[in-house]
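In what follows, chains carry the letters A, B, and so on, assigned in the order in which the sequence lines appear, proteins first and then strands, with residues in each chain numbered from 1.
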There are 2 protein chains.
Amino acid sequence: MGRRKLDEQEVAEFRAKLMDQALILFAKHGYRDVSIRAIALATGCSAMTPYRYFENKEAIFDACRARAFERFAEFHEQIVEAHPHPVERINALGQGYADYAAAHTDAFRLMFELDQPSEPSNHLTLMGNRAFDTLRNSVRDAVQQGYLKGEPEKLAHLFWATIHGIVVLDLTNKLTYGIDKHALLESFFEGEFTSARNTPEDSK
Amino acid sequence: MGRRKLDEQEVAEFRAKLMDQALILFAKHGYRDVSIRAIALATGCSAMTPYRYFENKEAIFDACRARAFERFAEFHEQIVEAHPHPVERINALGQGYADYAAAHTDAFRLMFELDQPSEPSNHLTLMGNRAFDTLRNSVRDAVQQGYLKGEPEKLAHLFWATIHGIVVLDLTNKLTYGIDKHALLESFFEGEFTSARNTPEDSK
DNA sequence: TTAAAAAATTGACAGTGTAAAATTTACAGT
DNA sequence: ACTGTAAATTTTACACTGTCAATTTTTTAA
């Protein structure tokens with residue numbers, strides 16, 4: 001006696017359906033300008049139904065971010081497959097990172113928003129790491145094969161930080177002195193900055 | 001006949017008063033969770049009075065961001081004065097950037113939020129540039145004096161992007177592999193990454 | 001003292017997140 | 001087939017939001 005409880009798969013399916021719509025809306029309009037009612041409407045359920053599948057709006061957002069990271073990671077994994085050479089692979093990953101941010105700006109914002117509405121869930125952290133792992137592994141390989149020197153973890157993180165910095169400064173319109181994203185990426189990949197450090201004695 | 005119109009200074013004073021409170025609230029709770037009514041209450045005026053001094057909530061936020069950038073720039077300018085040597089100055093600016101982000105995280109978020117509610121105003125851009133100018137000039141000096149080699153604009157931008165990248169990845173809890181902000185900053189300042197690039201032949 | 005204009009406040013509205021109540025749905029036992 | 005019941009869903013309701021419009025207060029010049 002009593003209506004059958006939704007099994008795990010059914011719940012997962014509806015959650016996915018909600019997230020598909022939510023991701024589209026969040027990416028298009030941002031967290032602030034998407035209402036749960038709008039997500040419900042797009043999904044074709046009533047306004048309060050999402051609350052049965054997610055605790056609140058932040059939980060939906062969090063799930064969408066994780067999904068965005070998942071796609072981001074898949075994109076990186078494709079690049080890895082397409083570039084067997086470690087150094088080329090690293091550069092392709094960096095370029096891909098920037099390209100992805102440009103092509104999917106809204107998803108990128110979702111992922112790297114400074115003003116995160118909640119602490120990252122474990123799943124979100126996992127998906128975030130998965131994308132970075134492609135770079136981490138590539139740098140490790142490059143070091144092992146002698147293409148790079150240094151502590152692989154630090155190298156990978158610094159590489160990431162630099163690309164990320166270039167991308168977000170560009171995204172927030174902070175590059176206003178004629179030096180744009182492309183020039184910076186090019187310089188970085190050429191190692192112009194990295195080889196520029198020396199002492200005054202050297203330059204005399 | 002007719003009440004005296006507020007002169008420019010009076011308007012500026014009240015705007016400043018509003019912004020003082022708004023900046024505190026925005027920094028503490030973020031754009032989303034601060035209402036104009038709350039700003040008005042903190043300022044001691046009625047709920048709709050802010051609308052006489054700013055077009056809307058975004059305009060208040062924009063003004064606050066510009067003010068945050070102004071303080072950020074002043075902080076950098078103090079660092080410049082305290083460090084006469086170009087290379088030390090550059091490193092101090094980088095370290096200061098990270099320290100400021102840690103000490104005034106909320107203000108930093110305000111300034112570099114990806115999800116900006118509006119296009120940056122001219123004044124905001126100006127204040128943003130003012131902070132970066134300290135680094136730009138320092139790099140230019142360092143290059144002129146032979147401490148650095150390369151195109152100064154690109155060097156300065158790349159330096160900024162790297163520090164910024166490190167800071168924001170840390171701020172958004174993306175550094176989860178035991179390599180933290182401090183290790184990355186240290187590596188960066190030591191040039192560990194920058195001197196790591198060479199060909200396999202070199203390492204044999 | 002009064003007319004009027006600027007400033008400030010109040011009232012109103014559509015839209016928000018979400019808690020609680022009401023309702024629909026679909027199954028187990030008779 | 002019917003019915004009791006529990007799960008799923010929808011409806012209702014509320015406090016709060018940004019902001020427009022109407023109103024009231026304040027302050028000045030005549």
Please tabulate, for side-chain N and O atoms in residues 39-53 of chain B, each donor-acceptor pair with protein atoms closer than 3.5 Å (sequence neighbours left out).
from	atom 1	to	atom 2	distance (Å)
Thr43(B)	OG1	Ile39(B)	O	2.7

side-chain N/O [X] vs [N] OP1/OP2, d < 4.0 Å:
X	N	result
Tyr53(B)	dA8(C)	yes
Ser35(B)	dT17(D)	yes
Thr49(A)	dA8(D)	no

Do we get Lys154(B) above Phe159(B)'s six-membered ring, with its NZ or CZ under 6.0 Å from the centre and within 45° of the axis?
-> no

If I take atom [atom1] in residue [X] and atom [atom2] in nucleotide [N], what distance separates them, rounded to the nearest angstrom?
X	N	atom1	atom2	result
Lys5(B)	dA8(C)	NZ	P	13 Å
Glu10(A)	dA26(C)	CD	C1'	12 Å
Asp33(B)	dG18(D)	CG	C1'	14 Å
Ile39(A)	dG15(C)	CD1	C1'	15 Å
Phe54(A)	dT18(C)	CZ	C1'	16 Å
Arg32(B)	dG18(D)	CZ	P	13 Å

Letter by letter from the 5' end, nucleotides 19-30 of chain D scores (B base, S sugar-phosphate only, - none; protein heavy atoms under 4.0 Å) BB-----BBBS-

Quick one: side chains of residues 60-67 of chain B, donor-acceptor pairs under 3.5 Å with protein atoms, not counting sequence neighbours, listed by atom name and distance.
from	atom 1	to	atom 2	distance (Å)
Asp62(B)	OD2	Ser121(B)	OG	2.9
Arg65(B)	NH1	Leu110(B)	O	3.2
Arg65(B)	NH1	Met111(B)	O	3.2
Arg67(B)	NH1	Asp20(B)	OD1	2.6

Begin from the C-alpha positions of Gln9(B) and Glu13(B) and carry the test side-chain hydrogen bond (donor to acceptor under 3.5 Å, both in side chains) through to its verdict.
-> CA-CA 6 Å; Gln9(B) 198 199 323; Glu13(B) 267 172 25; 2.8 Å; yes

Positive for side-chain contact (heavy atoms from CB on, under 4.5 Å) with His29(A), one of Ile24(A), Asp106(A), Val34(A) | Val34(A)

Heavy atom of residues 11-30 of chain A under 4.0 Å from DNA chain C: which residues?
-> none

Where at least one partner belongs to residues 166-182 of chain B, residue pairs that pass side chain to side chain donor-acceptor pair (under 3.5 Å), sequence neighbours excluded | Asn129(A)-Thr176(B), Asp133(A)-Tyr177(B)

Does His104(B) have any side-chain contact (heavy atoms from CB on, under 4.5 Å) partners at least two apart in sequence or in another chain, and if so, which?
-> Tyr100(B), Ala107(B)

Is the centre of the His164(A) ring less than 6.0 Å from the centre of the Phe108(A) ring?
-> yes

Answer yes if the ring centres of Phe69(A) and Phe112(A) are under 6.0 angstrom apart, and no otherwise.
->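 Yes.
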
